[in-house]
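Note sheet for the following structure.
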Amino acid sequence: MSYIIINKEVAPFVTHIQINRPKELNALNLELMIELKDALLELENDDEVRAVVLSGNDRAFAAGADIKQMAGKSSIDMLITDQFKIWDQIKKFKKPLIAAVSGFALGGGCELAMLCDMIVASETAKFGQPEIKIGVIPGAGGTQRLTKALGKVKAMELILTGEFIDANQALDYGLVNHVVPVELYLSEAIKLASKITAMSPLACQLAKEAVNRSFETNLEEGLHFERKNFYLLFSSQDQKEGMSAFVEKRKPIFKGN
Ligand code: HXC
């Protein structure tokens, strides 16, 4: 059985990956995460793919890591399994990755959505880090990414109480990009991906890298990194095409070289 479904070309250059463990509310077991990581690695090397949309189903994006799989584990089991290596590999995915979230995005599910570059949510989406209720804390970035997105006091409240926020609160807090009716969250995410795939894929890659760098470094180094990426793009055909098209008053055609 496969834990993910890959829908190639849901729009030009856009691939959709659907998490497919509906009975367990898409709980993220190890096998699922390995499949997801492998699929992304493959899509990263596919020139026909310029952006990926990741969703669950209407009821759940993912209700967290698989509690049943983790329940009996010791610290050493967890250390040896080193599941976060997989998360680190997903974090390195170079192309734009958009989460289309409906229903529960909890614990590891919320962390997976936050690992994506943008989030389109349905009105029914619920976000939270309820690990505190089962005696642990977020382990895949929740204490860091939620805090960066929401600020200290809001993140602290969510992480210490385990309470959920709804889609509109998530929008107010700056956690998600857009909130739309449940029938539309996937198509809106694909539309957003399509806007991006019309751009130069090289520029997208280097822009993503530079934005992400801002979370990891100080302003001076971040600006330096941005500048290097900016200069680098002047060696691309896409830069020549983009600027010529502007001057010639036509639409650019970016080829990713
Ligand atoms: C394993 C899960 C699960 C999970 C739900 N299920 N969440 N199984 N791990 N995280 C299973 C249930 O056991 C149940 O299976 C089925 O999915 C449906 O769930 P219900 O609880 O019956 O549905 P409902 O009453 O609607 O409640 C939905 C829910 C609740 C509020 C989302 O399921 C819930 O609280 N789930 C756990 C959320 C959570 O604590 N997530 C954080 C996990 S820790 P059966 O077979 O009983 O019908 C984590 C750490 C991350 O994520 C670390 C990094 C990876």
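First listed ligand is number 1; within each ligand, the first listed atom is number 1. Positions are given from 1, in the same order as the sequence printed here.
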### Interfacing atoms of ligand 1 (cut-off 4.0 Å, heavy-atom, Ala140)
54 (C)
### Query
So which heavy atom on Lys92 is nearest to which on Glu44, and how close?
O-OE2, 3.8 Å
### Task
Show which atoms of ligand 1 fall inside a sub-4.0 Å distance from at least one heavy-atom site of Gly107.
42 (C), 52 (O)
### Task
Under 4.0 Å from a heavy atom of Glu131: give me the atoms of ligand 1 that qualify, with their elements.
44 (S), 49 (C), 50 (C), 51 (C), 52 (O)
### Task
Could you list the atoms of ligand 1 found under 4.0 angstrom from a heavy atom of Pro130?
39 (C), 40 (O), 41 (N)
### Message
Is it the case that over 12 heavy atoms from other parts of the model lie below 6.0 angstrom from the NZ atom of Lys240?
### Response
yes
### Task
Not counting sequence neighbours, list each pair that qualifies as a side chain to side chain donor-acceptor pair (under 3.5 Å) and has a residue in residues 148-157.
none
### Task
Run the numbers for me: atoms of ligand 1, each under 4.0 Å from some heavy atom of Trp87, listed by number.
55 (C)
### Query
Which option, Gly64, Ala65, Ala60, Pro22, owns the non-hydrogen atom nearest atom 4 (C) of ligand 1?
Ala65
### Task
Go through the structure and list residues passing salt bridge (charged side-chain N to carboxylate O under 4.0 Å, His left out) with Glu241, not counting sequence neighbours.
Arg250
### Task
For atom 19 (O) of ligand 1, grab the closest protein heavy atom and report residue, atom and distance to one decimal in Å.
Leu25 CD1, 3.6 Å
### Query
Starting from atom 7 (N) of ligand 1, which protein heavy atom do you reach first, and at what distance in Å?
Ala63 CB, 3.6 Å
### Message
With a 6.0 Å cut-off (strictly less than), is the heavy-atom count around NZ of Lys255, excluding the residue itself, greater than 12?
### Response
no
### Atoms in ligand 1 flagged as close to Phe84, the criterion being non-hydrogen separation under 4.0 Å
54 (C), 55 (C)
### Query
What atoms in ligand 1 come closer than 4.0 Å to a heavy atom of Ile67?
1 (C), 4 (C), 9 (N), 10 (N), 37 (C), 39 (C), 40 (O), 43 (C)
### Task
Would you check if the side chain of Arg21 reaches a backbone N or O of Ala27 as a donor-acceptor pair within less than 3.5 Å?
yes
### Query
Which is closest to atom 45 (P) of ligand 1 by heavy-atom distance: Lys23, Gln83, Glu24, Lys68?
Lys68
### Query
Are there more than 12 heavy atoms of other residues, nucleotides or ligands under 6.0 Å from atom CZ of Phe84?
yes
### Task
Quick one: closest heavy-atom pair of Ile159 and Gly142, and the distance?
CD1-O, 3.9 Å
#### Entry: Residue portion contacting ligand 1 (non-hydrogen atoms closer than 4.0 Å) for Ala27
side chain
### Task
Just let me know how Val136 lines up against ligand 1, side chain, backbone, both or neither, with a heavy-atom cut-off below 4.0 Å.
neither
### Task
Say whether Ile19 and Val10 are linked into one hydrophobic cluster, either directly or through other cluster members, by side-chain heavy-atom distances under 4.5 angstrom.
no
### Task
Using a strict cut-off of 4.0 Å, indicate which atoms of ligand 1 neighbour a heavy atom of Arg59.
23 (O), 24 (P), 26 (O)
### Task
Please say whether more than 12 non-hydrogen atoms of neighbouring residues, nucleotides or ligands are located less than 6.0 Å from CD in Glu42.
no
### Closest protein heavy atom (residue, atom, distance) for atom 34 (C) of ligand 1
Leu106 CD1, 4.9 Å
### Query
Are there protein heavy-atom neighbours of atom 41 (N) of ligand 1 below 4.0 Å?
yes
### Message
With the threshold set at under 4.0 angstrom, would you say Lys133 reaches ligand 1 through any of its heavy atoms?
### Response
no
